[in-house]
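So the structure is just underneath, and the comments pick up after that.
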Amino acid sequence: MEPTKEDILTEYRRARADLDALLSGATAAELGRKSNGTKWTNEELLFHMVFGYMVVRALLRLVHLISRLPSGAGGAFASLLNAGTRPLHIVNYWGSRAAALYFNNRRMSARLDKTIRAITRRMDRESQESLSRSMPFPDRWDPFFTPAMTLRDVYAYPTKHFDFHARQLSLKR
């Protein structure tokens, strides 16, 4: 069953509370420790988890645009993006490391708040019809990207991403 807007917003609020709990309970040493199963430190991984919400803002615009183009255009675009998976992963890794220097444990919570507010305002304006708009996706970019995704899927994506990476933190809970 597809999540409702309220289901998605409930998950955003829960992730937001989880981030606050993780940050408030972590020492500087714990934040600087390596995470489990990634090359990031806990602080870098926490930023990457927040970045999942930030990227949704761009993805929403992309789905609105691509879903209006002829069907072949979306498939070609997704194939092109899939071809660039390796460089994307390199940029994603180094970008999260660099961004965590600024959006560190003192700033990332405010960034998540601002991002969730923006996503929520946008979702409030979506109709049930627009939430069904879809496009082919670069499914090699992320384990939660599927070959075709609706706007509803994109709105639900960042919390799945957040929860997946939360299990890789080496912080005490």
Side-chain angles (χ1 to χ4, degrees), residues 3-65 81 84-126 131 137-138 140-145 149 151-173:
T4 65
K5 286 182 182 182
E6 189 52 43
D7 293 337
I8 293 168
L9 293 175
T10 297
E11 288 297 296
Y12 288 178
R13 287 188 292 273
R14 192 230 351 120
R16 178 67 188 78
D18 287 355
L19 179 68
D20 275 346
L22 289 164
L23 289 171
S24 68
T27 66
E30 288 174 319
L31 290 170
R33 189 171 50 223
K34 284 288 192 195
S35 60
N36 297 315
T38 80
K39 295 179 182 178
W40 285 309
T41 65
N42 285 314
E43 187 169 41
E44 292 163 349
L45 183 55
L46 283 164
F47 169 76
H48 178 76
M49 292 159 59
V50 170
F51 183 69
Y53 289 86
M54 294 165 67
V55 77
V56 163
R57 294 179 76 182
L59 293 175
L60 295 171
R61 288 185 213 100
L62 197 58
V63 174
H64 273 283
L65 173 70
L81 293 177
T85 298
R86 184 162 167 74
L88 168 87
H89 285 212
I90 293 167
V91 169
N92 186 29
Y93 170 72
W94 287 104
S96 288
R97 288 201 66 189
L101 295 172
Y102 181 77
F103 292 111
N104 56 27
N105 62 314
R106 292 180 311 278
R107 292 186 177 106
M108 71 177 74
S109 188
R111 173 51 57 180
L112 183 58
D113 279 343
K114 180 180 179 181
T115 303
I116 286 177
R117 278 194 309 270
I119 295 170
T120 299
R121 280 192 306 273
R122 180 139 192 181
M123 187 167 50
D124 285 344
R125 295 189 307 264
E126 301 280 7
L131 287 171
F137 250 73
R140 291 180 27 208
W141 278 28
D142 188 279
F144 299 103
F145 286 178
M149 291 180 69
L151 278 174
R152 184 183 310 275
D153 296 331
V154 173
Y155 280 111
Y157 159 78
T159 306
K160 292 176 185 177
H161 176 263
F162 183 97
D163 291 344
F164 172 80
H165 286 300
R167 292 187 294 275
Q168 295 176 314
L169 293 166
S170 62
L171 298 172
K172 293 178 186 166
R173 307 215 180 163

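As the structure is a prediction and not an experimental result, all values here were calculated from the model.
For H161 and Y157, the ring centers sit closer than 6.0 Å to each other.
The side-chain heavy atoms of F47 and R97, taken from C-beta on, include no pair separated by under 4.5 Å. In this structure, R61 and R122 have side chains that are in contact, with non-hydrogen atoms separated by less than 4.5 Å. Side-chain contact between L9 and T120: present, with at least one pair of heavy atoms (C-beta onward) separated by less than 4.5 Å. Counting only heavy atoms from C-beta outward, the side chains of N42 and K34 never approach each other to under 4.5 Å. Between I90 and Y93 there is no side-chain heavy-atom pair separated by less than 4.5 Å. Between V63 and M149 there is no side-chain heavy-atom pair separated by less than 4.5 Å. The closest side-chain heavy-atom distance from F103 to F51 is not below 4.5 Å. Inter-residue side-chain proximity for L31 and T41 is flagged as unmet; no heavy-atom pair is nearer than 4.5 Å.
Checking side-chain atoms of E11 against main-chain N and O of I8 turns up no donor-acceptor pair under 3.5 Å. Side chain of R33 to main chain of S170: a donor-acceptor pair is present (N/O by atom type, distance under 3.5 Å, no hydrogens or angles). Between the R152 side chain and the P3 main chain, a donor and an acceptor come within less than 3.5 Å of each other.
A cation-pi arrangement, defined by a distance under 6.0 Å to the six-membered ring centre and an angle within 45 degrees of its axis, is absent between R140 and F145.
For K114, the NZ atom sits in a loose shell: 12 or fewer heavy atoms of surrounding residues, nucleotides or ligands are nearer than 6.0 Å.
A salt bridge does not link D153 with K160: none of the charged nitrogens is closer than 4.0 Å to a carboxylate oxygen. At a threshold of 4.0 Å, the pair R16-D20 counts as salt-bridged, since one of the basic side-chain nitrogens sits closer than that to a carboxylate oxygen.
Using modelled atom types, one finds a donor on one side chain and an acceptor on the other under 3.5 Å when comparing R13 with T10. For the residue pair T159 / Y53, a side-chain donor-acceptor distance below 3.5 Å is found, with atom types taken as modelled.
Scanning both residues, W141 and G84, for their nearest heavy atoms gives NE1-C, 4.4 Å. Shortest non-hydrogen contact noted between S109 and L19 is CA-CD2, 4.0 Å. Contact record, L22 with L169: CD1-CD1, 3.7 Å, taken as the closest heavy-atom pair. A pairwise comparison of heavy atoms in E126 and K5 identifies O-NZ, 2.5 Å as the closest pair. Between S96 and H48 the shortest heavy-atom distance is OG-ND1, 3.2 Å. When all heavy atoms of M49 and F162 are compared, the closest pair comes out as CE-O, 3.5 Å.
If you take CG on L112 and CE on M54, they are separated by 9.5 Å, rounding to the nearest 0.5 Å. Distance check, rounded to the nearest 0.5 Å: CG of D124 to CD1 of I119 gives 12.0 Å. If you take CG on N92 and CG on D142, they are separated by 8.5 Å, rounding to the nearest 0.5 Å.
For E43, there are no salt bridge (charged side-chain N to carboxylate O under 4.0 Å, His left out) partners at least two apart in sequence or on another chain. In terms of the side-chain contact (heavy atoms from CB on, under 4.5 Å) criterion, residue partners of T4 (sequence neighbours excluded) are, by chain and number, E6, D7.
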Checklist entry - What's the verdict on side-chain contact (heavy atoms from CB on, under 4.5 Å) for V56 and T115, showing C-alpha distance, side-chain angles and the deciding distance? => result CA-CA 9 Å; V56 163; T115 303; over 6 Å; no
Next on the checklist: Show, in sequence, the C-alpha distance, side-chain angles and deciding distance for L59 and F137, and conclude whether the side-chain contact (heavy atoms from CB on, under 4.5 Å) test is met.
Outcome noted: CA-CA 10 Å; L59 293 175; F137 250 73; 4.1 Å; yes
Item to check | Stepwise side-chain contact (heavy atoms from CB on, under 4.5 Å) test for D163 and R14 | outcome: CA-CA 10 Å; D163 291 344; R14 192 230 351 120; 2.7 Å; yes
Next on the checklist: Could you go through L60 and Y155, starting from their C-alpha distance and side-chain angles, then the distance that decides it, and tell me whether this counts as side-chain contact (heavy atoms from CB on, under 4.5 Å)?
Outcome noted: CA-CA 8 Å; L60 295 171; Y155 280 111; 3.5 Å; yes
